[in-house]
Amino acid sequence: MIRNSQEFPRRLSRRDALGLAGGLALTSVAVAGCDLLSTDPGGSDAGSNAGAAKGKQAPSLEKLVKAGDLPPLSSRLPKNPLVVNPIDEVGRYGGTWHSYLDGLAAVGYKFYVELGYDPLVSWAPDWSDLIPNLAEGWEVENGGQAYLFKLRQGVKWSDGEPFTADDLTFMFEDVWGNKEISPIPPEMFSTDGKLATLEKIDDHTVRFVFGAPNALFLRRLATPSANSLITPRHYMEKFHVDYNPDTEAAAKDEGFSDWIDYFWDRNTTTSNPDRPSLNAWVLTTAVDDSSGRGVFERNPYYWKVDPDGSQLPYIDRVTYEIMDLEVVLLRTTSGDLDFNAPALTGGVATLDNKPVLARGREKGEYEFIDGVPGSMNQGVISLNLNTKNAALREVFQNRDFRIGLSYAINRQEIVNAVYQRQGEPWQAAPRKESEFFNEELAKQFTDYDVDQANSYLDRAGYSRRDGDGTRLGPGWQANRVLTRGRDQ
């Protein structure tokens with residue numbers, strides 16, 4: 001992951017990219033544990049407020065309040081706003097976060113891992129535990145078959161309308177519970193293919209009830225995909241045929257095949273600027289192929305604050321530009337992009353580009369930040385113990401053979417040659433950061449030891465070799481099984 005360290009007015013300051021966590025408790029594996037919370041803008045982009053006292057809200061919002069175009073901050077924040085504690089230091093307002101898209105299809109992924117992570121519960125930045133987010137608290141009932149959530153009172157959508165339990169029940173009952181719209185209910189909210197029920201206790205209390213215990217529900221609820229539950233009922237009802245009989249005709253007028261396609265299009269946070277949002281930045285200019293650029297502006301009703309009680313986010317806006325990855329690499333090394341995290345859809349923060357990026361750090365004035373991957377390792381050799389090939393099945397099911405094979409793999413050489421000396425030999429076992437970490441399981445048989453490999457292969461019963469010194473398997477005549485000679 002790469003973070004820009006330029007000072008204003010060219011881009012965000014050295015710490016500005018950290019201010020994005022005012023909107024995200026955790027964006028993705030790539031940013032987990034990084035210094036996400038402070039900004040220190042200076043220069044012309046910070047406006048006339050550079051060096052001035054921070055205040056309780058962004059200067060641009062303060063002007064709107066004074067002009068009577070925006071309610072005062074006290075009425076925009078919830079009763080109990082979520083306080084985000086900085087890792088480095090409290091920041092100041094201002095600046096634009098410049099990012100990129102390597103294609104129009106990437107906008108959804110980039111949004112949800114960088115800007116749109118605000119589900120009911122979220123992961124702590126160090127992955128240590130689940131923490132409150134839109135839900136202030138929860139209770140697990142009936143052995144994991146039911147979950148009671150207390151929603152944060154006073155949270156408002158970006159248009160000022162209240163966020164309540166009705167927003168959740170609308171998505172649950174009128175969308176996912178409607179077979180015409182959702183023939184298959186979302187797996188996260190189902191057990192045995194059956195959608196759970198969502199009980200509204202009051203405006204700020206709901207209970208999910210499953211047909212069977214759902215032990216992983218809280219963890220799955222803390223993933224970006226759980227954001228699909230958070231839908232503005234007051235806005236989306238007008239696109240649902242049960243609430244607006246004219247929706248079908250409107251869909252045809254807008255060029256959609258039916259009202260369902262129209263509904264999903266209007267419910268897309270990354271392409272419909274009219275859709276209210278609960279995120280730190282809201283879409284104002286949709287990304288499309290013609291403009292090649294999208295803009296997200298600060299949400300004046302965002303419901304998180306820093307320890308001083310100042311409303312987040314610090315950064316004014318986020319811009320995305322569509323560009324080829326070669327251009328992304330060039331602009332990264334030139335210091336023109338502020339934040340560059342690995343992505344499922346591609347990116348330049350890769351091992352192949354690491355030497356180029358490393359050489360450009362001084363010129364581009366950026367730095368590397370080590371992310372914490374969610375996977376236990378980069379590659380696993382998993383033998384098929386149930387292969388239909390009887391001879392192979394006999395070999396693979398032999399534990400001594402598998403231990404010998406493990407000793408025969410020079411993992412450190414692979415780490416050095418392929419992974420830029422970043423990493424360590426590891427079995428298919430939980431990472432050190434996991435509560436399930438077990439050092440013996442993680443490190444057993446990972447040393448590169450030819451003598452041990454040969455010893456275990458002999459013990460496995462594969463001591464016969466052909467004329468070239470290659471070990472022979474059961475009934476294989478001269479087929480090569482594992483190693484040639486003593487040095488392989």
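No hydrogens, no waters, no symmetry mates; every other heavy atom, side chains included, goes into these values. Counting begins at 1 with the first residue of the sequence.
Distance alone, capped at 3.5 Å, places no donor-acceptor pair between the Tyr366 side chain and the Leu337 backbone. Proximity of a side-chain donor or acceptor of Ser277 to a complementary backbone N or O of Ser158 within less than 3.5 Å is not detected. No donor-acceptor pair closer than 3.5 Å links the side chain of Trp281 to the backbone N or O of Pro313. Between the side chain of Thr284 and the backbone N or O of Pro273 there is no donor-acceptor pair closer than 3.5 Å. Of the possible polar contacts, one joining the Asn377 side chain to the Gln427 backbone as a donor-acceptor pair under 3.5 Å is found. Not one N or O on the side chain of Ser434 forms a donor-acceptor pair closer than 3.5 Å with the backbone of Arg431. The backbone N or O of Val356 lies less than 3.5 Å from no partner atom in the side chain of Asn353, so there is not a single donor-acceptor pair. Looking only at distances, a side-chain donor or acceptor of Asp258 sits under 3.5 Å from a matching main-chain atom of Asp261. In this structure, Gln145 contributes its side chain and Phe210 its backbone to a donor-acceptor pair below 3.5 Å. Proximity of a side-chain donor or acceptor of Gln311 to a complementary backbone N or O of Tyr302 within less than 3.5 Å is detected.
Note on Asp306 versus Lys56: no salt bridge recorded, every NZ/NE/NH1/NH2 to OD/OE distance being 4.0 Å or above. Salt bridge Lys432/Glu424: present, at least one basic N to carboxylate O contact under 4.0 Å. The pair Asp159-Lys156 does not count as a salt bridge, with every side-chain nitrogen at least 4.0 angstrom from each carboxylate oxygen.
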Check against side-chain contact (heavy atoms from CB on, under 4.5 Å), Leu70 and Tyr301: CA-CA 10 Å; Leu70 187 69; Tyr301 290 90; 4.0 Å; yes
As a quick check of understanding, evaluate side-chain contact (heavy atoms from CB on, under 4.5 Å) for Asn279 and Asn299, giving each step before the final call. CA-CA 7 Å; Asn279 300 128; Asn299 179 0; 5.9 Å; no
Let's go through Arg275 and Arg266 carefully: what are the C-alpha distance in whole Å and the side-chain angles of both, what is the deciding distance for side-chain contact (heavy atoms from CB on, under 4.5 Å) to 0.1 Å, and is it a yes or a no? CA-CA 7 Å; Arg275 182 195 184 277; Arg266 296 294 82 195; over 6 Å; no
Given ring-ring contact (aromatic ring centres under 6.0 Å, His included), test Tyr235 with Phe239 step by step and report yes or no. CA-CA 8 Å; Tyr235 175 77; Phe239 306 106; 5.2 Å; yes
Residues Lys354, Gln422; criterion side-chain contact (heavy atoms from CB on, under 4.5 Å); working and verdict: CA-CA 11 Å; Lys354 187 176 180 181; Gln422 189 171 323; 2.6 Å; yes
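One distance of note links CG of Leu130 with CZ of Arg219; it measures 6.5 Å at 0.5 Å rounding. Separation of atoms CE (Met171) and CG (Asn267) is listed at 5.5 Å; rounding is to 0.5 Å. With rounding to the nearest 0.5 angstrom, the CD atom of Glu173 is 9.0 Å from the OG1 atom of Thr197. If you take CE on Met236 and CG on Asn272, they are separated by 8.0 Å, rounding to the nearest 0.5 Å. The structure places OH of Tyr262 at 4.5 Å from CD of Glu254, a figure rounded to the nearest 0.5 Å. The CG atom of Asp265 sits 3.5 Å away from the CZ atom of Phe256 when rounded to the nearest 0.5 Å.
Counted within 6.0 Å of CG on Asp192, heavy atoms from surrounding residues, nucleotides or ligands total 12 or fewer; the atom is thus considered open.
Classified by interplanar angle (parallel below 30°, tilted 30° to 60°, perpendicular above 60°), the ring pair Tyr320/Phe296 is perpendicular. A tilted orientation is assigned to the rings of His240 and Trp259, their planes being inclined by 30° to 60°. Taking the six-membered ring where the residue is Trp, Phe149 and Trp138 present tilted rings, their angle falling between 30° and 60°.
Closest heavy-atom contact between Pro72 and Ser75: O-OG, 2.9 Å. Residues His98 and Thr96 approach most closely at CD2-O, 3.3 Å, considering heavy atoms. Closest of all the heavy-atom pairs between Leu148 and Ile201 is CD1-CG1, 4.1 Å.
With Val155 as the partner, the side chain to side chain contact (heavy atoms under 4.5 Å, CB included) test is satisfied by one option alone out of Thr164, Leu134, Asp167, Leu82: Leu134.
Between Tyr93 and Ser310 there is a side-chain heavy-atom pair separated by less than 4.5 Å. Taking 4.5 Å as the limit, some side-chain heavy atom of Arg233 sits within range of a side-chain heavy atom of Asp174. In this structure the side chain of Val295 never reaches within 4.5 angstrom of the side chain of Leu283, judged on heavy atoms. Residues Ile260 and Val241 have side chains not in contact (no heavy-atom distance under 4.5 Å, counting atoms from C-beta outward). For the pair Leu357/Phe368, a side-chain contact is recorded, criterion being any heavy-atom separation below 4.5 Å from C-beta on. For the pair Glu326/Leu329, no side-chain contact is recorded, criterion being any heavy-atom separation below 4.5 Å from C-beta on.
Partners of Tyr147 by ring pair (Phe, Tyr, Trp, His ring centres under 6.0 Å), not counting sequence neighbours, listed by chain and number: Phe217.
At a cut-off of 3.5 Å, with distance as the only test, a side-chain donor of Asp126 or Ser128 sits close to an acceptor on the other residue. A donor-acceptor pair shorter than 3.5 Å can be found between the side chains of Asn133 and Asp118.
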In a table with atom names and distances, give each donor-acceptor pair under 3.5 Å that connects a side chain of residues 175-184 to protein atoms at least two apart or in another chain.
unit_1: Asn178; atom_1: OD1; unit_2: Glu180; atom_2: N; d: 2.8
unit_1: Asn178; atom_1: OD1; unit_2: Ile181; atom_2: N; d: 3.3
unit_1: Ser182; atom_1: OG; unit_2: Val175; atom_2: O; d: 3.0

